[in-house]
Amino acid sequence: MAQSASTRPTAWWLSTLERRAARMREEHLDLGGPINFADAKEHSAAVNFFNAAYRAEESGLKQAHELADEVKRWDPELARVLELYGNEEGWHRELLEAFLGAIGGEIRPMGRVTRAFYAVYARAKRMETIVLTNLMFETIGATTYRLALGRVEQPVARQMLTILTRDESFHVPLNVHFLSRILERRPRSARRRLRLVYHALFLSLLALPLASRPKAQAFDKITRRELSRAYAEQLARLFAHEPSLGLTPPRALLTLVGVSSDDLLEPPLAATSADAAESAAVREQVEVRAL
């Protein structure tokens, strides 16, 4: 069995993020040429899709930096890792803002469902709840981007999706590390509470495509059922491959969306093994696969 990313020392994550930070802004979107969509409906759906991505990066930046301020009191090294991770989320937000401007879009107010999700997230106070939520959001984000890469043809949109997908290959195991380190300092009762949060989040995220598909499907070509099943499969694989977290995939929900026990034997797309984290550490060497 592959070594878990949670066993990597914080020093490894810090040195890797520092190397990534040094070259982060060397990459640019190719926004010089015409950016065309099939029709107005696809264009509007693309704006909606990347607005959702923008809000996810914005939230990740805010939460990572706020957590860094708290963690600094007891682990300055881990706090610096959180800060650098938040900076990567901030860089993604900058790219998305430039991309939306180039396609004639804008940063739109959040819809009712999205606003409700982030309002609940913002009220979370316990560090383990915040990190678990972010880990699960990163996982469904990576899943959506990989599915979209298999269907979207517009070149610059594909470049933006590739950057987001590639970096999630590093951010998912990184968040496993965050959660593992935080749980080491928490009492057993915290794990019991976290299991309740986990199951509520699992159910909520499987229902999320009910709200997102009418707005984005004309761009990414992903159906509601397909996306819900993919979310279930990837979230379940993630936690099945990280038993030390003590979060068991909900079997009844998996059965409902057609995910079997055999489906969980495969590693998650944004794999949480130490080897996967190491192979994703250098952006230029990451091979991005579509679903």
Side-chain angles (χ1 to χ4, degrees), residues 20 24-39 41-61 88-108 114 136-174 205 208-209 212-213 215-224 226-231 233-235 268-271 276 279-280 282-291:
R20 287 164 65 91
M24 184 168 66
R25 297 186 182 279
E26 294 177 7
E27 188 168 16
H28 303 281
L29 292 173
D30 184 13
L31 301 176
I35 304 175
N36 300 314
F37 293 92
D39 51 34
K41 186 176 181 180
E42 184 185 41
H43 174 262
S44 178
V47 173
N48 288 331
F49 181 101
F50 288 106
N51 259 277
Y54 178 91
R55 294 302 181 185
E57 302 298 329
E58 181 179 57
S59 176
L61 164 64
E88 289 197 2
E89 300 282 80
W91 174 59
H92 289 164
R93 187 182 65 168
E94 292 172 18
L95 290 178
L96 285 161
E97 189 168 7
F99 173 79
L100 283 165
I103 66 172
E106 68 286 322
I107 306 301
R108 295 175 176 173
T114 305
M136 295 177 78
F137 273 33
E138 291 273 24
T139 303
I140 68 163
T143 303
T144 307
Y145 301 147
R146 285 183 190 271
L147 281 168
L149 264 176
R151 298 131 199 265
V152 171
E153 297 180 0
Q154 208 292 318
V156 184
R158 288 185 58 81
Q159 185 190 7
M160 187 72 250
L161 285 167
T162 299
I163 291 170
L164 294 171
T165 305
R166 178 203 63 202
D167 286 353
E168 302 308 337
S169 298
F170 187 74
H171 289 172
V172 170
L174 175 58
L205 293 176
L208 191 58
S212 70
R213 297 302 78 212
K215 296 179 180 179
Q217 189 174 342
F219 167 70
D220 60 33
K221 315 297 190 296
I222 309 169
T223 67
R224 185 178 296 163
E226 185 179 20
L227 192 57
S228 288
R229 189 190 186 284
Y231 284 176
E233 185 175 58
Q234 294 305 318
L235 286 167
L269 287 174
S279 67
V282 181
R283 289 187 178 90
E284 300 90 325
Q285 297 177 8
V286 178
E287 181 182 351
V288 178
R289 294 187 295 112
L291 266 178

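For reference, positions follow the sequence shown, starting with 1.
K221 places none of its side-chain heavy atoms less than 4.5 Å from the side chain of E153. Within the 4.5 Å cutoff, the side chain of Y145 has no heavy atoms near those of the D167 side chain. You'll find the side chain of L29 reaches within 4.5 Å of the side chain of I163, heavy atoms only.
The two residues Q154 and I35 have their closest heavy-atom pair at NE2-CG2, 3.4 Å. The two atoms that bring F99 and M160 nearest to each other are CB-SD, 4.2 Å, heavy atoms only. In plain terms, the two heavy atoms of A98 and L31 that are nearest each other are O-CD1, 4.0 Å. In plain terms, the two heavy atoms of E42 and D39 that are nearest each other are N-OD1, 2.8 Å. For A148 against I222, the heavy-atom pair with the smallest separation is N-CD1, 3.9 Å. Summarising the geometry of A218 relative to K41, their closest heavy-atom pair is CB-CG, 3.8 Å, with the distance given to 0.1 Å.
One finds the CZ atom of F170 at 5.0 Å from the CZ atom of R20 (value rounded to the nearest 0.5 Å). Put simply, OG1 on T139 and NE2 on H171 are 12.5 Å apart, with the number rounded to the nearest 0.5 Å. E94 CD to R25 CZ: the interatomic distance, rounded to the nearest 0.5 Å, is 4.0 Å. Distance check, rounded to the nearest 0.5 Å: CZ of R93 to CD of E58 gives 5.5 Å. A distance of 11.0 Å separates CZ of F49 from CG of L100, quoted to the nearest 0.5 Å. Going from atom CD of E168 over to atom CZ of R166 covers 10.5 Å, rounded to the nearest 0.5 Å.
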Please step through side-chain contact (heavy atoms from CB on, under 4.5 Å) for the pair K215 and N51, ending with a clear verdict. CA-CA 11 Å; K215 296 179 180 179; N51 259 277; over 6 Å; no

Which is it for Q234 and I140 under the side-chain contact (heavy atoms from CB on, under 4.5 Å) test, yes or no, and what are the steps along the way? CA-CA 8 Å; Q234 294 305 318; I140 68 163; over 6 Å; no

Test side-chain contact (heavy atoms from CB on, under 4.5 Å) applied to L164 and L95, step by step: CA-CA 10 Å; L164 294 171; L95 290 178; over 6 Å; no

Apply the test side-chain contact (heavy atoms from CB on, under 4.5 Å) to residues I107 and R55: give CA-CA distance (whole Å), side-chain angles for both, the deciding distance (0.1 Å), then the verdict. CA-CA 9 Å; I107 306 301; R55 294 302 181 185; 3.5 Å; yes

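Formation of a donor-acceptor pair under 3.5 Å by the H43 side chain with backbone atoms of I103 is found in this model. Between the Q159 side chain and the H28 main chain, a donor and an acceptor come within less than 3.5 Å of each other.
Exactly one of R213, R158, R151 qualifies for a salt bridge (Lys or Arg N to Asp or Glu O under 4.0 Å) with D220. That residue is R213.
In terms of the side chain to side chain donor-acceptor pair (under 3.5 Å) criterion, Q217 has no residue partners (sequence neighbours excluded). Applying the side-chain contact (heavy atoms from CB on, under 4.5 Å) test to S212 and every residue at least two apart in sequence or in another chain returns P209, L227. Residues satisfying the side chain to side chain donor-acceptor pair (under 3.5 Å) criterion with R108, sequence neighbours excluded, are N48, E106.
Classification of R146 and E233 as a salt-bridged pair fails, no side-chain N sitting under 4.0 Å from a carboxylate O.
Ring pair F37/F219 is perpendicular by interplanar angle, where above 60° counts as perpendicular and below 30° as parallel.
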